[in-house]
Amino acid sequence: MKKKELPPCPVALTVDLIGNKWKLLIVRDLMPGTRRFGQLRKSISGISQKVLTQNLRAMEENGLIVRKIYAEVPPRVEYSLSPSGKALKPVIAALAKWGEHYRNIIEKTHNKQ
């Protein structure tokens, strides 16, 4: 995302950068550390190779992840969070906390019925 394209609202900017479910799950899965493409694909249920590649490229262009290519045969590629990506940890933690809260409310509602 180019600087001139940045939305003035910080919430809109954040949503632009990580606002789809795949990007959020990629960030979640990279929080513990570096992962290879295949590891990410296995850990993110339902994502296709094409969609994972597109999202990884976009996140790399936006400075959220770092891609490291090793000169081996076959080539090995690893992905990790950049400092900006790592700064999303409290955001992901807040989403997880809210999700647990919501799940508890829904389960209590269903148990009363």
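Values below: all heavy atoms of this structure, side chains included; hydrogens, waters and symmetry mates excluded.
In this structure, Asn62 contributes its side chain and Leu64 its backbone to no donor-acceptor pair below 3.5 Å.
For the ring-ring contact (aromatic ring centres under 6.0 Å, His included) condition, the pairs that include at least one residue of residues 70-105, sequence neighbours left out, are Trp98-Tyr102. The salt bridge (charged side-chain N to carboxylate O under 4.0 Å, His left out) analysis of residues 76-86, with sequence neighbours excluded, yields the pairs Glu72-Arg76, Arg76-Glu78.
Across Met31 and Leu88, no two heavy atoms sit closer than the pair CE-C, 3.7 Å. Ser84 approaches Gly63 most closely through the heavy-atom pair CB-O, 3.8 Å.
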*Could you go step by step and tell me if Ile26 and Arg35 meet the side-chain contact (heavy atoms from CB on, under 4.5 Å) rule?*
CA-CA 10 Å; Ile26 291 167; Arg35 300 281 183 268; over 6 Å; no

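Every residue two or more places apart in sequence or in another chain was checked for a side chain to side chain contact (heavy atoms under 4.5 Å, CB included) with Ala93, and none qualifies. Partners of Val11 according to the side chain to side chain contact (heavy atoms under 4.5 Å, CB included) rule, which considers only residues two or more places apart in sequence or in another chain, are Cys9, Val15. Under the salt bridge (charged side-chain N to carboxylate O under 4.0 Å, His left out) criterion, Glu100 pairs with Arg103, sequence neighbours left out.
Put simply, CZ on Arg28 and NZ on Lys21 are 11.0 Å apart, with the number rounded to the nearest 0.5 Å. Atom CG of Leu13 sits about 4.5 Å away from atom CG of Leu17, to the nearest 0.5 Å. With rounding to the nearest 0.5 Å, the separation of NZ in Lys97 from CG in Leu95 is 12.5 Å. The distance from the CD1 atom of Ile65 to the NZ atom of Lys23 is 10.0 Å, given to the nearest 0.5 Å. In this structure, CG on Leu30 lies 7.0 Å from CE on Met59, to the nearest 0.5 angstrom. If you take CD1 on Ile18 and CG on Asn55, they are separated by 12.0 Å, rounding to the nearest 0.5 Å.
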Atom pairs and distances, side-chain donor-acceptor, residues 36-48, under 3.5 Å, sequence neighbours left out:
from, atom 1, to, atom 2, distance (Å)
Gln39, OE1, Arg36, N, 2.7
Ser43, OG, Asp29, OD2, 2.5
Ser43, OG, Gln39, O, 3.2
Ser43, OG, Leu40, O, 3.1
Ser48, OG, Val51, N, 3.1

